[in-house]
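Here the structure comes first, spelled out in structure tokens, and everything after it is commentary.
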2 protein chains.
Amino acid sequence: MAGRDVRFHLQGGAEAAMTWAPDHPLDMLIRKLESIAHLSAEERRAIAGLPTLVRLLKAGQDIVRDDDRPSQCCLVLEGWACRYKLISQGKRQIFSFHVPGDIPDLQSLNLKAMDHSLCALTSTKVAFIPHHSVLALTARHPRIAAIFWRDTLVEAAIFREWMVGMGRRTASQAIAHQICELYLKLKAVGLAENHLYRLPVTQSDIADALGLTNVHVNRVLRELRTKGLVTIVGGTLRIHDWRELTGFCEFDPTYLHLERQAA
Amino acid sequence: MAGRDVRFHLQGGAEAAMTWAPDHPLDMLIRKLESIAHLSAEERRAIAGLPTLVRLLKAGQDIVRDDDRPSQCCLVLEGWACRYKLISQGKRQIFSFHVPGDIPDLQSLNLKAMDHSLCALTSTKVAFIPHHSVLALTARHPRIAAIFWRDTLVEAAIFREWMVGMGRRTASQAIAHQICELYLKLKAVGLAENHLYRLPVTQSDIADALGLTNVHVNRVLRELRTKGLVTIVGGTLRIHDWRELTGFCEFDPTYLHLERQAA
DNA sequence: CGCATTATTGATGTCAATCAAGCGCAGTGG
DNA sequence: CCACTGCGCTTGATTGACATCAATAATGCG
């Protein structure tokens, strides 16, 4: 299998320079799935057997667009991506941030047309997996199908939590909550530790995620810094006092439905 | 099967007066599922064979609570329910409104612990379906499993649209959008027509759904009335100018992923 | 009929948006 | 090497949308 020269159709008809990836890309997926469910050795093998097409994207580049009908899923390997929708007057709402291990458009397996877009926030490495391969996998392994379903359910739980942030939390609490959530998500796939992680997104991105302006995000971050809770230097975020921070924004990680709990 | 005396455990240990429902309750579910996917005659039969336990609830009564580990799903038959979460200082965020045909806690099949609550907004008739029955059904009918998955994906799409409302739309646009969405959802199961439907929720409920105050919802509704877009009399909502209203709030029903389109 | 809930309206306050400007840094090209 | 440019961050001044507080009217339910 590995090494075979395969070409998929990419979004917008762009036929990209492509490299055939060995097992490695799927290790990231397995790590992610194991953060929300247990996998048997056989299930891991089955997942590792998925064909992938690895591709590099520049920051700002769209991966899938609103109204597209993708024939493949996209697995983030490096960098950050986000789901978003544009509305009138250049306004943008970001629905989720995606980090390595995530499959942001898993839903396209069951919902033919995209109702939002997906783009790279940083330069990003992604692996494309054809729908039919995923469907073949889930047909043979109903438990894996359930885990994929579960993943989309956890995403929905995260959407709900963001709704709480936008609807019923102050801007500072919402941002603090976001910071806690990202820490646990990254930690679950081994990309954060010691209350420290790379946060390669702009303040405008955070603003569009929480329904604020970049100006206000900036002030709130200063406030969190002044309070000694969180500092960001050179794109690296440090949480100085986890207890204090989680208390401040009433962060309860239950909604992430993680298998092994972090703290 | 039908007519057998069966008793399930209900939330909070309450052992309710119960009636055994015939096929009818599931007709509502079938109608709902057919609004987002096609069902074969055999699939309809299989669904109609699910055991249900019908129960009446008073307005305000919780159906499932945060942290519960339900062993059954809840199908709304009459009345309205909502998913919500309480946070500090009595603040509440409503995540979704549920009307007949909805299974609001379908996710509990795959996510053991609830991360939010579910309650009746009006006096409500619901049918409980044991998890093991649903699992047996989906094991025998993978396509039905996919449709259930699809339903939870559509719900997630609705969450995203609400996020747009809270984050990037004005209060009037958000409420107008909500009104359009509910019309299509109700129409899809035959509970609305001619731009008219029963809206049995309070202004405070709408406020908690959109992150506003009841006072402000009241003013916005007056504004919509003044503009000749929408009136509510005696709990019945009438959309006077669908084109105008959808234009005003930039409503695009794609995200509902309805099979047969309404207008 | 009486009480409780819900709707409505006004006055005032606050949080975050908007507008505007300057700064720092990385990349680019002469 | 340095001007130039663009982007993101930072800060101030002002405005606006919605919250809060408060009181009264209207509904609806037991």
Side-chain angles (χ1 to χ4, degrees), chain A residues 58-61 80 82 87-94 120-123 165-176 178 198-226 230-237 249, chain B residues 56 58-61 79-80 87-94 119-123 165-176 178 198-226 230-237 249:
Chain A
K58 288 194 290 257
Q61 210 171 335
W80 284 41
C82 79
I87 59 172
S88 64
Q89 297 154 346
K91 288 200 287 268
R92 177 176 66 153
Q93 177 68 49
I94 289 181
L121 286 174
T122 68
S123 67
M166 292 194 280
R168 290 286 178 249
R169 279 196 256 263
T170 65
S172 346
Q173 287 177 312
I175 291 182
Q178 187 71 248
R198 295 259 331 144
L199 181 70
V201 302
T202 69
Q203 296 182 352
S204 291
D205 293 332
I206 298 173
D208 283 342
L210 298 175
L212 303 168
T213 58
N214 55 350
V215 175
H216 199 60
V217 168
N218 185 277
R219 293 191 224 275
V220 167
L221 288 177
R222 179 179 51 180
E223 177 199 332
L224 294 179
R225 189 183 334 124
T226 307
V230 171
T231 54
I232 305 179
V233 282
T236 295
L237 183 146
C249 62
Chain B
L56 294 171
K58 288 193 290 253
Q61 209 171 336
W80 285 41
I87 61 173
S88 64
Q89 297 153 346
K91 288 200 287 267
R92 176 176 68 152
Q93 176 68 49
I94 288 180
C119 86
L121 286 174
T122 67
S123 68
M166 292 193 280
R168 290 285 177 250
R169 278 196 256 264
T170 64
S172 344
Q173 288 177 311
I175 291 181
Q178 187 71 246
R198 293 262 330 146
L199 180 71
V201 303
T202 68
Q203 296 182 354
S204 291
D205 294 330
I206 298 172
D208 283 342
L210 298 174
L212 302 168
T213 57
N214 55 350
V215 175
H216 199 61
V217 168
N218 184 277
R219 292 193 224 273
V220 166
L221 288 177
R222 179 180 49 181
E223 178 200 332
L224 294 179
R225 190 185 331 126
T226 306
V230 171
T231 53
I232 305 179
V233 281
T236 295
L237 183 145
C249 62

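Values below: every heavy atom of this structure, side chains too, minus hydrogens, waters and symmetry copies. Residue numbering restarts at 1 for every chain, and letters A, B, ... go by the order of the sequence lines.
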For atom CG of A:Asn218 and atom P of D:dC7, their distance in whole Å
18 Å
Can you give me the bend angle of the helix from C:dC1-D:dG30 to C:dG30-D:dC1? Use the axis through the first five pairs and the one through the last five, nearest 10 degrees.
40°
Expressed as a whole number of angstroms, how long is the span from A:Arg222:CZ to D:dT10:C1'?
8 Å
Run the side chain to side chain donor-acceptor pair (under 3.5 Å) test against A:Gln173 and tell me which residues pass, sequence neighbours left out.
A:Thr170
Which residues satisfy the salt bridge (charged side-chain N to carboxylate O under 4.0 Å, His left out) test with B:Arg168, sequence neighbours excluded?
A:Asp208
For B:Thr202, side chain to side chain donor-acceptor pair (under 3.5 Å) partners two or more places apart
B:Asp205
Set of side chain to side chain contact (heavy atoms under 4.5 Å, CB included) partners for A:Cys82, sequence neighbours left out
A:Tyr84, A:Ile94, A:Phe97, A:Cys119, A:Leu121
Atom pairs and distances, donor-acceptor, side-chain atoms in residues 215-224 of chain B, under 3.5 Å, two or more places apart:
from     : atom 1 : to       : atom 2 : distance (Å)
B:Asn218 : ND2    : B:Gln203 : OE1    : 2.9
B:Glu223 : OE1    : B:Ser172 : OG     : 3.3
B:Glu223 : OE2    : B:Lys227 : NZ     : 3.1

Expected rows: protein N/O vs nucleotides 17-20 of chain D N/O, under 3.5 Å:
from   : atom 1 : to       : atom 2 : distance (Å)
D:dC18 : OP1    : B:Ala171 : N      : 3.0
D:dC18 : OP2    : B:His216 : NE2    : 3.3
D:dC18 : O5'    : B:His216 : NE2    : 3.4
D:dA19 : OP1    : B:Gly211 : O      : 3.4
D:dA19 : OP1    : B:Thr213 : N      : 3.2
D:dA19 : OP2    : B:Thr213 : N      : 3.2
D:dA19 : OP2    : B:Thr213 : OG1    : 2.9

The first and last nucleotides of DNA chain C lying within contact of chain A, meaning any atom under 4.0 Å from one of its heavy atoms, run from C:dA16 to C:dC19
Under the rule for side chain to side chain donor-acceptor pair (under 3.5 Å), what residues qualify as partners of B:Thr236, not counting sequence neighbours?
none
Can you check the B:Leu199 CG to D:dT27 P distance for me, whole Å?
17 Å
A:Ile232 CD1 to D:dG8 P: how many Å, rounded?
15 Å
Results of side chain to side chain contact (heavy atoms under 4.5 Å, CB included) for B:Ser123 - residues two or more places apart only
none
Over all heavy atoms of both residues, which pair between B:Ala174 and B:Gly165 is shortest? Give the atoms and the distance, please.
CB-O, 3.9 Å
Kindly write out the residues that satisfy side chain to side chain donor-acceptor pair (under 3.5 Å) with A:Ser88, not counting sequence neighbours, or none if the list is empty.
B:Glu250
Show the nearest heavy-atom pair for residues A:Trp80 and A:Leu199, with the distance to one decimal.
CH2-CD1, 3.7 Å
